Amino acid sequence: MKDYFELADWKIIEGEFNPGDNRFAESIMSLGNGHMGIRGNFEEQYSGDSLPGTYIAGVYYPDKTVVGWWKVGYPEYYAKVPNATNFIGIDVAINGEELDLALWEVLSFRRELDMKQGYLERSFTAESNSGLQVAVTARRFLSMARREVGAVSYSLTPLNQKIELELIPYLDGAITNEDANFGEIFWEAFQSEAETEEKNYSGRGYLNLRTKKSDFLVAAAMEYELSKEPEEITALREKKYVNNRIFLTAEAEEEVKLTKYLGVTTNRDYQDEETGNQAKIRAKEAKQAGWQKLFAEHSRAWSDIWEEGDIIIEGDTAAQQGIRFNIFQLNQTYTGHDPRLNIGPKGFTGEKYGGATYWDTEAYCLPFYLNTRDNEIARNLLLYRYRHLDKARENADKLGLEGALYPMVTMNGEECHNEWEITFEEIHRNAAIVYAIYNFVEYTEEKKYLIDYGLEVITAVARFWEDRAHFNPRKNKYMILGVTGPNEYENNVHNNWYTNRMAVWCLEYALDTIAFLKDEYPQRFQQIWNDLNLSAGELEKWRDMIDRMYYPYAEELGVFEQQDGYLDKELKTVSEIPEEDLPLHQNWSWDRILRSCFVKQADVLQGLYFLSDCYDLTTKKTNFDFYEPRTVHESSLSPCIHSIIAAEIGYQEKAYELYLRTARLDLENVNNDTEDGLHITSMAGTWMAIVHGFAGMKLEERAGEEEQQKILSLTPFIPEKWKSYAFKINYLGRILNIEVSPSEIRVEREKGEPLEILLQGEKQVV
Ligand code: BGC
């Protein structure tokens with residue numbers, strides 16, 4: 001799929017229609033505004049292959065866990081993101097024939113996503129069986145300025161004859177999910193209305209549906225305006241579907257345009273009885289404002305986002321388009337406006353992963369929001385987990401353990417994923433929650449966060465590790481058995497190096513935090529000490545675990561062994577796998593994958609990235625040289641981490657190759673699964689690959705007593721092909737603009753006080 005989309009700096013362009021690639025293109029062409037999202041589906045009827053997708057943030061359906069063999073501790077449900085009311089729909093009939101690109105001959109076709117202004121435009125010409133030709137241009141956006149508003153403009157021109165035209169704007173809630181068990185319907189009818197307004201040649205529709213079991217209401221209201229007086233409008237109201245049917249005539253070459261305004265609300269934001277009204281008000285206000293004003297507000301909001309968060313690459317359009325696509329999709333998925341929301345690995349672009357929260361947020365997404373947006377957004381991401389602490393305690397308790405175990409997959413704090421090897425065993429996710437707190441506090445220097453919220457979470461996670469590890473007197477070591485590390489191509493392994501190492505890091509951070517707070521906030525600290533029931537004995541146990549944790553290590557190779565026994569496997573490299581066997585997860589049986597040495601995603605290397613300060617370059621290089629050739633990168637989260645380490649150890653070409661792989665993963669359908677939706681969370685990893693990898697940005701310890709504890713350090717290099725790259729960083733109240741070219745590195749302070757930084761190891765004041 002390498003060249004499917006045209007290369008352009010600000011656009012993704014599909015220049016012809018290939019029905020077999022439609023799902024893939026629909027994923028790429030998704031729009032979202034943090035509150036809702038839609039795949040790049042057509043407005044008019046399309047009977048060919050398509051994955052219809054409209055998703056509303058925070059709305060989920062708790063699908064009952066159905067397994068052959070129930071295991072104690074399984075969650076009751078698996079959360080699914082319900083495909084919601086299709087509100088963009090506008091059906092078209094011409095001289096009684098339905099316009100349907102699966103049945104008409106497509107003469108020309110272009111679908112393009114404009115990332116600068118945040119809209120999708122599709123234009124085509126098509127011919128019916130009877131020789132009738134039409135040209136259509138449809139444009140739409142979901143407002144970044146008014147979250148509950150969207151708009152679609154649809155213009156149609158008959159090319160070779162006068163036509164009788166029916167335009168049918170509708171709202172359709174009679175929809176299903178592809179991933180529903182036994183074709184179950186997730187929505188029940190609640191309210192519907194459709195009316196016409198003769199004098200103004202207009203009309204409207206309204207549909208409010210309720211999810212079964214979880215009782216979410218999602219209301220959609222539509223208003224519209226026409227470029228031409230219609231002859232007649234009729235309205236149809238069913239329980240889950242409403243429309244207006246508009247009858248017009250159009251001369252050959254006469255353009256007729258319908259502009260549809262939408263209001264979409266949920267009872268997450270309003271009382272049940274108010275939800276529907278609010279949708280109607282939003283649609284009405286949108287119509288009053290009109291397309292131009294709405295679009296101007298929306299594109300201004302995008303321009304602000306780009307002003308802060310763009311990465312500009314000169315000399316390499318593929319790389320430029322890749323990073324912009326990633327930044328665009330991230331901002332469409334999560335805007336930080338609602339602290340109850342989080343970032344689903346597929347955002348609003350598909351059903352898979354159920355719109356739920358994974359460790360991806362803390363491990364990959366946090367740095368992006370932390371450095372490109374207001375601190376409040378990153379803080380909201382942390383508070384999301386803080387609010388779920390009680391549920392995480394319950395979750396640990398359910399497994400018979402102390403402390404808190406954050407869920408691997410969640411919508412509301414409860415675990416909602418039911419494969420035992422993930423739910424019960426992929427416990428390393430707990431460490432990422434604590435690592436995110438550390439990251440946030442280091443970058444923002446908001447130490448107060450620790451006393452207000454952080455310590456409670458850190459302690460609860462430390463207690464989990466305390467209980468989950470056990471002491472093995474034969475080896476005189478602590479061990480953590482029966483886990484799945486980040487590399488999900490190994491299950492139920494013992495002593496995954498990453499898990500053991502991160503558990504110890506959590507204990508160290510817990511002890512450091514306690515010591516720091518005791519000094520700085522003694523009174524409040526004493527209260528927390530009592531509330532959390534901490535004791536000197538418990539802290540002593542943590543110290544002992546830190547001292548005597550067991551780590552698998554292959555001395556002869558100088559590598560951290562991924563887990564006990566990993567080196568006993570048949571040690572092949574990816575280059576030995578026949579090309580037709582890749583991706584492995586689509587071609588090999590699961591047991592063959594489990595037995596093989598192939599690594600799905602960064603595992604040991606993930607640890608070397610997080611704990612970068614603790615390891616020297618030789619260690620990183622030795623481990624990279626060993627694991628990279630055995631890594632198939634079949635999780636989208638993988639190449640970015642490998643790229644960062646490659647950059648650090650001086651493998652610049654490799655870093656660039658892995659960067660392109662992560663940046664263009666979806667545009668080129670590298671993992672052959674983009675049709676299910678985009679890999680949103682790994683998109684933040686793409687950003688990290690440039691900022692942490694190529695530019696080498698990190699915080700370094702300062703020697704001596706200084707007010708600011710760490711110093712921002714940059715050690716940039718520039719890939720050979722690039723003329724320059726530039727990005728901005730939000731750091732301690734400053735906005736720094738960093739530009740790198742082969743001859744020069746410029747760091748400019750756009751906002752805030754002067755700042756001391758390390759540039760290629762030298763102290764400089766910006
Ligand atoms: C990865 C996990 C990740 C999940 C959601 C899986 O394929 O192995 O690490 O959390 O996808 O992105």
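This structure is a prediction, so every number in the text was calculated from the model and none was measured. Atoms within each ligand, like the ligands themselves, are counted from 1 in listed order. Residue numbers run from 1 in the order of the sequence given. Just the heavy atoms: all of them, side chains too, but no hydrogens, waters or symmetry mates, feed the values below.
Contact annotation: for H679 versus ligand 1, there are no heavy atoms closer than 4.0 Å.
Of all protein heavy atoms, the one lying nearest to atom 11 (O) of ligand 1 is Y353 OH, 3.4 Å. Ranking protein heavy atoms by distance to atom 2 (C) of ligand 1, first place goes to E488 OE2, 3.7 Å. Atom 1 (C) of ligand 1 has Q601 OE1, 3.5 Å as its closest protein atom, hydrogens excluded (heavy atom only). With respect to atom 7 (O) of ligand 1, the closest heavy atom belonging to the protein is K600 NZ, 2.7 Å. When hydrogens are left out, the protein atom nearest atom 5 (C) of ligand 1 is D360 OD2, 3.3 Å; that is the closest non-hydrogen contact.
Contact check for F560 versus Y566: no side-chain heavy atoms found under the 4.5 Å cut-off.
For R595 and E570, the salt-bridge test fails: no basic side-chain N is under 4.0 Å from an acidic carboxylate O. A salt bridge is defined here as a Lys NZ or Arg NE, NH1 or NH2 lying under 4.0 Å from an Asp or Glu carboxylate O, and R23 with D676 fails to meet this definition.
Contact record, A469 with M549: CB-CE, 4.5 Å, taken as the closest heavy-atom pair.
Judged by the 6.0 Å and 45° rule, R387 forms no cation-pi pair with Y384. The side-chain tip of R468 does not point at the ring of W465 from less than 6.0 angstrom away and within 45° of straight on.
The W359 neighbourhood of ligand 1 comprises atoms 2 (C), 3 (C), 9 (O), 10 (O), with distances under 4.0 Å to a heavy atom of that residue. Applying the 4.0 Å criterion to heavy atoms of L637 picks out, from ligand 1, the atoms 3 (C), 9 (O).
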